[in-house]
Each structure stands twice: as structure tokens, then as C-alpha cells.
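So you know, we letter chains A, B, ... as the sequences are listed, proteins then strands, and number each from 1.
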Amino acid sequence: MRYDAGLANKIEAKWQRFWKENNTFVTPDPDSNPDDPRVKKEPYVVMDMFPYPSGAGLHVGHPLGYIATDVTARFMRMTGKNVLHALGYDAFGLPAEQHAIKTGQHPRINTENNMANMRHQLSMLGLAHDPSRTFATIEPEYMRWTQWIFSKIYDSYFDKDLNKARPISELIKKHPEWDSFSDKELSDKLNEYRLAYISESPVNWCPGLGTVLANEEVTAEGRSERGNFPVFKKKMKQWSMRITAYADRLDSDLAMLDWTEKVKAMQHNWIGKSHGAYIEFSVTDSQSTTISEKLKVFTTRPDTLRGATFAVIAPEHPLVQLATEDVANYVEQAKAKSAVDRQQDAGKKTGVFSGLFAINPINNKQLPIYIADYVLMGYGTGAIMAVPADDKRDHEFAETFEIEIAENYEKFVSIPEAIKWIEEKGCGEGTTTYRLRDWLFSRQRYWGEPFPIVYDEEGIPYLLPDNMLPVLLPDVPNYEPRTFDSDDENSEPEPPLGRNDDWVYVELDLQDGKGLRKFRRETNTMPNWAGSCWYYLRYLNAKWSGDTVVDPKLDKYWLSPNHNSTVGKSGGVDLYVGGVEHAVLHLLYARFWHKVLFDLGYVSSPEPFHKLFNQGYIQAYAYTDSRGVYVPAAEVEAVSSSSSAQAVPSQSSSPADLESNTSTSAAKTTTRYFYKGEEVFQEYGKMGKSLLNVVTPDEIAEKYGADTFRIYEMSMGPLDLSRPWETRAVVGAQRYLQRLWRLVVDEETDELIVLDQECDFDTYKVLNKTIEAVRVEMENIRPNTAISKLIVLANRLTGVLKNVGWVPREAAEAIVLMTAPLAPHIAEELWQRLGHTDTITYADFPKVNEKYLKDDTVKVGVQINGKVRSELEMSVSATKEEWEKAALGLDRIQEMLDGKAVKKVIVVPGRIVNIVA
RNA sequence: CCCUCGGUGGCGAAAUGGUAGACGCAGUGGACUUAAAAUCCACCGCCCUAAAAAGCGUGCCGGUUCGAGUCCGGCCCGAGGGACCA
């Protein structure tokens, strides 16, 4: 039989059934399966970024990362690792909620349908996930732990001396003076310290979505990342997480991670650490009378203090209250500006003089204090000293308002010297500030985790005890947060959970000795990120229900910092693969939560993800007709023509075009595209339903087989680059597998054509060099080059088969084994036909036989002045002198030298001979 | 403006400073076949050629080196991120 789609599909179904029935991918744990030989091996945790089960289904781009992790996981299993690889679902989220709003159906139903659909689509690909370790964030048992982690964060504070989180009870012990506080006073005081706290401060309010958003969810244009609605700054009472306490560790610990520079730079920029100084200025009114308030500014350039000619405060700055000029108008306007307006006005300088002056401590000059919106309340102190001679923005402002620009002033020679002076003078101190803001953690949404928080009649928040978790979502009459006209910034949020009074108003015994009392539940829900902040821990023990979030023994075995320190001792997941879009959202939040859990002793590694790999995206061509309407990409025909034959006349030839046309002459080919006889035009970008260019894994698997699909995706190019999908190129992958099949099975007779005999020596050389190379490529996550080397080997063996009529077993087994991580179904089938009874999943990856790696001779290029003119093959043991003599003796070289004197000969044995003449 | 990553045939791409274009797609020619498909073999950067040889070639300009796609400096272009952050 020929290995075609029909046979491939049969084989794939057979082995998927086998794997399921035999629990092939169920990974043993060291304590529950101490006798399993696998647990003696080195642990290796490989993980995909948590998928959100979308209703749209998967296109061929989605599984790229899942196949890559599967290939790596399978390779690691064959090279002596105990591999943990599973997939769960991040199932809370906006799309399911929006579907629920539209249909009135509970979002759980839609979510579960989508998960089932995604599981089905993925199951055809033969991904070796441990089925016993899957879960979804919406399961009560999972929610319980998400809420439990929230509780621990809520119940902790950041000890600045220890530079880590500690239980809030330790803080209370340090402050006996708080004993006299009332409940309300103590609650308010602790709120200032808790890592999860209630804040009343300007937040990103998005009327169009009816919810508040985190800074990370707002685009540079001041719009919501989801839905692209305007976002307004509005003062509201909301939950926040004190991620800023960790700013320094989140920044410096990047050093121990094996992540790309790109993502490290993105996090580094987002955290935005900058060194500088606070400087305090005395403030006077227009009569030069000193008032009691001081002006504290932040600057990164304290050395330019003498050049300051004015000061600027943000419109929200408290000193604005004391302005002696009429500034109300300006302040109103500035505050009313949305982020969108601010973005658009960036560069234009507006402001108003406050009537106040700041006294420059270095020269006692009176600096006028302006109020201007180019200074942001959220950064530093919300106030600056303006040095127009050195700072572009200050300069623009000074020009607009005709303020003095001190061009040649004396600077400190260094910043440290300036800080020293300031500190000695007692008018300020060196400091470090961060751009990172605290993480706004509550949302006015239905489809998220409820908070484990209730309020008493005084409004004091209480944590529910662990044994009252999880708090499940109530039924509500409708799921919609009240949304508003997207520009209506005066609207107020209305969480959907507030619509079920029976749920909101409860009588509970919080086990605090106060008995049954009346409470009101928190009606906000957690943001989508909550569930994905800790899911990687759940894979270690998907059914765990102990006292803490993860079984400490399993955490130590799988994630301890000792087994994967390629860069620093971070511990955590060995390999984490996903798109770069989560660089500052999920990856920052998860690191934060992990560090809190680490500080409190619940996990043993300081970081959650040791090596991060960002796969590229599979792009696609789309085609539009002359009206700009998309046409089905699959039905577009490409017609190539060489421009010499009858060129498409170029209407607007620039001189450059003309030149290139003439110089490159006739043979440039142009490709034009036609749909139903009409010319259409190519675009390159995403795959999407509306672009009519979606290709699904299902259709490729049906037409070529899942193994072919896997090989094709892995062979397209380096995994971290984006590249276009090309269905017609998939046959290349199929041809390799067909060739592999024919190396083991006779298509006519279905008999094995493998013999326990040896073929020629050179073939063994190719075989062993391939083994060596494929190991290296796979270890470095370069399946594309691994595949190309396997193809070379397959072609070599095809030649052997042609010559002698059989294939040596050693070679056949090796190539089947090496193909197994990439195309596991066909590998299992061939492995079985080769006489093996057990799964290939845990078979040993082929090892190199050193004796075949040594060459007797080696061929090198012979250059004259760096240009290759000939080549030469010599014994590997040849000396430099012998290489030189032989190279100079070549007829071709003598001819090219044409009697010129040889100045020097560079010989790198086995590499190159270069004659300098 | 700042940060990161890219730029190599018709296309996707290979290449520890050492014979640029492995491997795949498309294309061309051949074998097999009544024929087609499939398969197998060969060719396949540009230019000049009957064919070679020579010449030119990794975005551009310089530099380092016996030797540069690779290292250094300066530009151009593209993608992503950040940006009135003091």
C-alpha cells in the first residue's frame, strides 16, 4: 500500500486509540509512582501558553506552537528525560461573555462547547499531552485555588527590609500601637500595606466595555486593547495589586532567565526603572512670602539643578489648590482630557502660571511654578524642575511662555556628585523610580472569578476563610455589564454580580469568633489574567486538594531551580512556548504572583518560566478584486510570466525603475493572480474568516494526514519567524513520509524490505552524521534543519534500496526513531512493523557510533586571494606543508597564478587553503 | 525619538569568520508508462556562452581580516514594542 492520506488517517486513528487505551502519555510522579523507571530520570517541564478556547475554531497557525512543544517533549522523552507536558484551558474571558450577552445562554455552555471543539481539533494532531493533567480555569476546584492565592496576596505585605512579602500578621505584631485602633481604622491602615488592596484613585474606565481596565490593557492611543473603545481616567474605588513593590526584583531577576532580548527589553521598558533624585524646593507666593508646603520634584538629572528656570506641576498636583492665579479653567480642561486627546496633543505645550514660586536651593533663584499637563501626576512626584537649556520639552514650554532659558550655566561634573550635594544640604535625596503602576485587579464582568471578600455593615472588607472557598458565580438575570455610550465618561460601572441580591447579601460565620453576621459580597470579578497567573502549577497536580496551592514535593521535583540553570538559577518551567503578545501582560503578572508565592514559601523557584520561546506566526495571502472585495484565496490562480515575453507595461516608471529594468534585462518574472478569470490583487497578513483565506488543520489532516501537517509546519523555517502558509508546498512533507514508508515497507507486497545486513560504509557515515546533527538541531528547537537532514538521509537510503533491493535494519530503525518526535503516528506504525511491541514514545533516540564519524580524507576549497579557484582532497592527517604543496601543485592554480609570486599561503587544515599572490 | 529583531534565488529558507544558496516548493529535461498520475534520475542565482572559463552576486557605503552573509562603524528599508516618563 502506498502511504497516502487514506492510509495515514487509518494509521493515525489506530495509534491515537492505542495511546489513549495504554495511557502512554500519563506522566508518573515521583511519590505516587516511585517504581516507574521514568521518575528516576531528569524532570523536564515543557508548556504552551494557556489557550483560550475561541468559538471560531483553529486555523493552521494556531497549532504551530503546540506541535513545536510536542516535538520537543517527545524528543526529550527519547533522550532520557521525565517530561511533563499537558494542556489546560483558560476559559474565563470576554468572548464567551459577549456570546452569552448576545444569546442569553450561560457563558459556561458556550465555553464548554468551544473547549470540546478545540480538544477535538487538537486530538487529531497526535499531541502527547498527559490527559490526566488537564483542567479549565472555570472548574470550581480550580477557582478555589485562584481565590486561595488571592487570599494569600491580600493577607501579605511587602517588607522593604527583607525585600520580600510576609504575612500581614507579622506587620501587626511590629505595630503594638495599632492595638488601640478601631476595626475600621485598622482595616484602613492595613489596606495601605496589603499586596491586594482597595484603592480610590484614577483608573482606566472604559464606558464602551462597561468595565475598568489595567494599564497593560490600554493601548498607547488610550483605547481598550479589546474592542478599541476610548478609555478615560476616572477616580473609582477598585481592587489593585501592589506589583510596584516587586518592580526592582521583576526587573533585576530578568537576568536569570533564558528569554529573548526582545521580551526582556519589553519588560524592562515597561517597568521603566530610572535613577535620579528627589529635590525639595521651598515655595513662596507672589509677595515672596514663604508658605508651609514644599515642592518635591523628581529628576534624573540633578546635575542640571543650576539650569532650572521654572517648575511645572501636574494639574492633579495638590499644590494646585494653593494657586494664587485663576487656574481653575485650565485645570478643568486638562483633567477632562482623555488619554486619546493627550496622545494627540503630545508636543503641543499648554499650561498656566500658578502665581507661586519655588526657591532653587542652589542659588536661591525664584522659579515660577506653572501648571501644565505635559507633567504627569502618575510618574515621580507629579512635579518637575524645568531645565529648558537641556530638556527638549522644557525648552518648548519655555518658548511658548517666554520664560528664561539659561543657556550657559555651570553643571555638576557628575550625577553622584550632585546627589551628594543635595543630600548634604538636606534638600533632597537620591532615589529610584519606576514607570510600572500597580495592577488594577477588579472588573465589572460576569464571567470571571468572584473575590473571596465580603463587607460588613461598616464597609470593612473581610477575607473568607479557606474552607469557604470556592466562591462560585451566582445565577443572574443577564450577563451584561451595563455599557454606555463609548464617550460617556461620566457613567459609573455596574457589575452584573450585583443583580442577585440573594447572593450578594448573606449571613455568614467567618470563624473569627464573632458568630453569624450579615455581609455584602464583593460584586466585582477578577480579570482574565488571574487564572493564567498560576496554571502552570496546576499541571503538577491537577486534582490536588491539599492545604496549599501545589504539593511541595512535586513543586520541588519539577520546578526547583537546580535542574535548568542555563542562564541563572531561576527554576520554573524548562521551556515555555507562546506568542510574543503576552510579553508584558501575562508574563509580568505571572512572575509577580509567583514571586509572592515564593516569598511565602509555597513554591521553591524564584521565577515561573526559565526558558521562553516566542514562536512566529503563520501568515497568509489574501486577494481582493478590483472593487476591493475579498475573494476565496484557495481558488485564486497564479500566472507567472517573464517580463521579456510581453511585459506588463509599467505605467509610472520612475527613473530608478527604468534603470533597474534595463540593467536586469529580460528574465524578471512577474506573477499575476486571477479569480474566475478576473485579475485580483495579493495582500499579505493574518488568516481570518473575513479575509477568505483560512486554512484549517482539519482539512490539511484529511487531505495529507496529520503527520504530514506536523512535518510541514515544522519544516517551514525557523520557529521564531513568521512566514506565509502555502498549501501547495505541503506535498514536500508528504513525499518525505512516503519515502520513509518505502524504506521499511514494500508498497506492492506490504512486506518488510529491511534486512539485518550491512550496506556500504559511506551510508553508515551519512547515517551517523545525521544522528549527530539531528540531536543538536532538536536540542536547540530547530526542527526545520533537523527535517532537512532527515530528508538527506532518506534520499541516501533510497539510493541504497534502489541498488541492493533492501535497507539495513540499523539505518531503517534509526531514521524511524529520529522521525518519531516529528511524525509520531507513522513512526509507531513502522516501529511495530519492524518487530517492536512497545510504543516508540519511550524508545531511545539513536546514538552516534563514533567510528563512522571519522573521515579519512577531507575536501577543501583552494583560494587565490580569497576567491575559490579549485578544490583539493587530502588525508585528514596531512600537514600544513603537505596541503600547501599539493595546492600549489594543482594545474588549475598554476594557471590562475600565471607566474605571479606567491607571497603567503594560509592553510587551515580541513577547512581552507588560501594563496596570497 | 528610544529599544529589539530582520533584509540571502521565482518562493519558504540553509550556512562554528573558511567552497553562499543545504533541504523543500515551483520550474525544466530524462527514465518508466499505450497514456496520465505516481515514482526514480538530472538540471535549476545573475550575466556571457554551443558548453565552459572568466565576470557579478547575501539592502547601501566604508572598515577589520589571508578570507566577511557572518565581526565593527555609518546609512536605507521592514516588523514589533515603548515614548510629553522629567
Side-chain angles (χ1 to χ4, degrees), chain A residues 2 4 220 260-270 272 274 276 297-301 304 312 342-343 345-349 372-376 378-387 390-394 396-397 433-435 580-581 583-584 638 640 642 663-665 667-671 711-712 715-718 720-726 728-733 735-736 738-739 742 747 782 784-785 787-792 795 798-799 802 859-872 892 895-896 903-908 910-917:
Chain A
R2 157 143 308 160
D4 56 13
T260 58
E261 278 312 305
K262 180 194 174 86
V263 176
K264 283 190 183 186
M266 281 166 72
Q267 290 217 351
H268 184 76
N269 291 340
W270 189 261
S274 62
V297 305
F298 171 73
T299 178
T300 56
R301 296 292 308 276
T304 65
V312 186
R342 283 208 172 206
Q343 179 68 22
D345 290 354
K348 283 182 226 157
K349 293 290 175 289
D373 66 359
Y374 83 93
V375 170
L376 310 173
Y379 185 79
T381 61
I384 62 161
M385 62 174 204
V387 185
D390 271 341
D391 186 281
K392 193 172 159 247
R393 296 152 303 187
D394 297 345
E396 284 168 8
F397 191 86
T433 62
Y434 299 89
R435 201 184 76 98
V580 73
E581 69 272 15
V584 287
S640 295
S642 87
S663 65
T664 56
S665 100
K668 277 283 173 211
T669 55
T670 50
T671 307
I711 293 268
Y712 173 66
S715 69
M716 287 169 84
D720 50 355
L721 291 187
S722 295
R723 59 204 156 273
W725 175 266
E726 203 181 356
R728 69 172 182 177
V730 175
V731 289
R735 285 183 191 142
Y736 166 67
Q738 286 177 331
R739 207 170 278 197
R742 281 194 294 267
E747 282 184 345
R782 288 193 296 253
N784 54 323
T785 44
I787 290 167
S788 80
K789 276 153 189 149
L790 288 172
I791 292 173
V792 174
N795 292 347
T798 298
K802 245 195 129 197
K859 204 194 268 183
V860 308
V862 180
Q863 301 177 328
I864 296 176
N865 295 333
K867 289 193 174 175
V868 179
R869 298 302 183 184
S870 183
E871 56 181 29
L872 185 58
R892 168 104 186 105
E895 187 187 315
M896 291 299 295
K903 287 185 196 142
K904 194 171 162 189
V905 179
I906 311 280
V907 179
V908 183
R911 289 235 176 262
I912 202 81
V913 177
N914 188 12
I915 297 160
V916 186

Closest heavy-atom pair, A:V312 versus A:V375, reported as atoms and distance to 0.1 Å, is CG1-CG2, 3.5 Å

Inter-residue atom distance A:I711.CD1 - A:M716.CE, 0.5 Å rounding:
13.5 Å

N or O in side chain of A:K867 less than 4.0 angstrom from B:A20 OP1/OP2
no

Who pairs with A:K392 by side chain to side chain contact (heavy atoms under 4.5 Å, CB included), at least two apart in sequence or on another chain?
A:E396

Verify, without hydrogens or angle tests, whether A:R869 (side chain) and A:R892 (backbone) share a donor-acceptor contact under 3.5 angstrom.
no

A:M716 CE to B:A14 P, straight-line distance once rounded to whole Å:
12 Å

Each nucleotide of nucleotides 24-29 of chain B classed B (base within 4.0 Å of a protein heavy atom), S (only sugar-phosphate) or -, in 5' to 3' order, makes SSS---

Using atom CG of A:D720 as one end and atom P of B:U4 as the other, report the distance to the nearest whole Å.
17 Å

Considering heavy-atom distances to RNA chain B, does A:S788 or A:T785 have its closest nucleotide positioned more toward the 5' end?
A:T785

Give me the distance, rounded to whole Å, that separates B:G12 from B:U8 when you measure between the P atoms they each carry.
8 Å

For the base of B:U4, is there a side-chain donor-acceptor partner from A:E261 under 3.5 Å away?
no

Who pairs with A:Q738 by side chain to side chain donor-acceptor pair (under 3.5 Å), at least two apart in sequence or on another chain?
none

Heavy-atom side-chain proximity of A:K262 to A:V580 below 4.5 angstrom
yes

Rounding to an integer number of angstrom, what distance separates B:G21 and B:G30 when you compare their P atoms?
27 Å

Between B:G7 and B:G59 - C1' atom distance, rounded Å
6 Å

Tell me: CD of A:E871 to C1' of B:U19, nearest whole Å?
7 Å

All heavy atoms of A:K904 vs all of A:I906, minimum pair found to be CE-CD1, 3.8 Å

Which is true for A:S274 with a 4.0 Å heavy-atom rule: it touches a base, it touches only sugar-phosphate, or it touches nothing?
sugar-phosphate

For A:A372 and A:F397, work out which heavy atoms get closest and say how close.
CB-CE1, 3.6 Å

Nucleotides 64-67 of chain B: which of its N/O atoms have a protein N/O under 3.5 Å away?
unit_1	atom_1	unit_2	atom_2	d
B:C66	O2'	A:N914	ND2	3.0
B:C66	O2	A:N914	ND2	2.7

Integer angstrom distance from the P of B:G78 to that of B:U64:
31 Å

Using the side-chain heavy atoms of A:R742, tell me which of these nucleotides is nearest: B:C40, B:G81, B:A86.
B:C40

Please report the distance, rounded to the nearest Å, between CG in A:N269 and P in B:C3.
10 Å

Could you tell me whether A:S722 contacts a base, only the sugar-phosphate backbone, or nothing, with contacts defined as non-hydrogen atoms closer than 4.0 Å?
sugar-phosphate

Could you check whether A:R723 gets within reach of a base, just the sugar-phosphate, or nothing at all, counting any heavy atom under 4.0 Å?
sugar-phosphate

Could you run through RNA chain B and flag its stems, i.e. three or more consecutive Watson-Crick or G-U pairs with both distances under 3.5 Å?
B:1-7 with B:76-82, B:10-12 with B:23-25, B:27-31 with B:39-43, B:59-63 with B:71-75

Assign each of A:L721 and A:E396 to its nearest nucleotide of RNA chain B by heavy atoms, then name whichever residue's nucleotide is nearer the 5' end.
A:L721

Distances under 3.5 Å only, N/O to N/O: pair up the protein atoms with those of nucleotides 68-73 of chain B.
none

Expressed as a whole number of Å, how far does the P atom of B:G45 sit from that of B:G24?
15 Å

What's the closest nucleotide to the A:I384 side chain, out of B:C40, B:A13, B:A86?
B:A86

Separation of the P atoms in B:A15 and B:G6, to the nearest angstrom
13 Å

Please state how far atom CD in A:E581 lies from atom P in B:G82, giving the value in whole angstrom units.
13 Å

Go through the structure and list residues passing side chain to side chain donor-acceptor pair (under 3.5 Å) with A:R2, not counting sequence neighbours.
A:E747

Distance in Å, A:D373 CG paired with A:K349 NZ, rounded so as to fall on 0.5 Å steps
9.0 Å

The glycosidic conformation of B:G9, counting syn as within 90° of 0 and anti otherwise, is syn

Considering every strand and a 4.0 Å limit on heavy-atom distances, what is the contact class for A:K859: base, sugar-phosphate, or nothing?
base

For A:D391, what residues pass the salt bridge (charged side-chain N to carboxylate O under 4.0 Å, His left out) criterion, not counting sequence neighbours?
A:R393

Once hydrogens and angles are ignored, does a donor-acceptor distance under 3.5 Å link the base of B:C84 to the side chain of A:K349?
yes

Would you tell me if any nitrogen or oxygen in the side chain of A:N784 comes within less than 4.0 Å of OP1 or OP2 on B:A13?
no

Using the ring of each side chain (for Trp, its six-membered ring), is A:Y712 parallel, tilted or perpendicular to A:W725, with breaks at 30° and 60°?
perpendicular

Measure CZ/A:R435 against P/B:C84 and give the value in whole Å, please.
8 Å

Of all residues at least two apart in sequence or in a different chain, which pass the side chain to side chain donor-acceptor pair (under 3.5 Å) check with A:E581?
A:Y617

Over how many whole Å does the gap from A:K392 atom NZ to B:C1 atom C1' extend?
7 Å

Sequence-distant partners of A:Y736, ring-ring contact (aromatic ring centres under 6.0 Å, His included), two or more places apart:
none

Which is true for A:Q738 with a 4.0 Å heavy-atom rule: it touches a base, it touches only sugar-phosphate, or it touches nothing?
sugar-phosphate

Using the C1' atom as the reference point in each nucleotide, state the distance between B:C40 and B:C32 in Å, no decimals.
8 Å

Contacts of A:D390 that satisfy side chain to side chain donor-acceptor pair (under 3.5 Å) - sequence neighbours left out
A:Y409, A:K411

Criterion side chain to side chain contact (heavy atoms under 4.5 Å, CB included) against A:V862, the qualifying member of A:V907, A:V905, A:I915
A:I915

Pairwise distance OG1(A:T300) to CD1(A:I384) - rounded to 0.5 angstrom
10.5 Å

Roughly how many Å apart are B:C3 and B:C11, using the C1' atom of each and rounding to a whole number?
32 Å

With 3.5 Å as the limit, what N/O pairs link the protein to nucleotides 52-54 of chain B?
unit_1	atom_1	unit_2	atom_2	d
B:A53	O3'	A:R892	NH2	3.2
B:A54	OP1	A:R892	NH2	2.3

Side chain proximity check, A:I912 to A:Q863, heavy atoms < 4.5 angstrom:
yes

Can you measure A:K264 atom NZ to B:G82 atom C1' for me and round it to whole angstrom units?
19 Å

For A:N865 and A:V916, the nearest pair of non-hydrogen atoms, with its separation, is OD1-CA, 3.4 Å

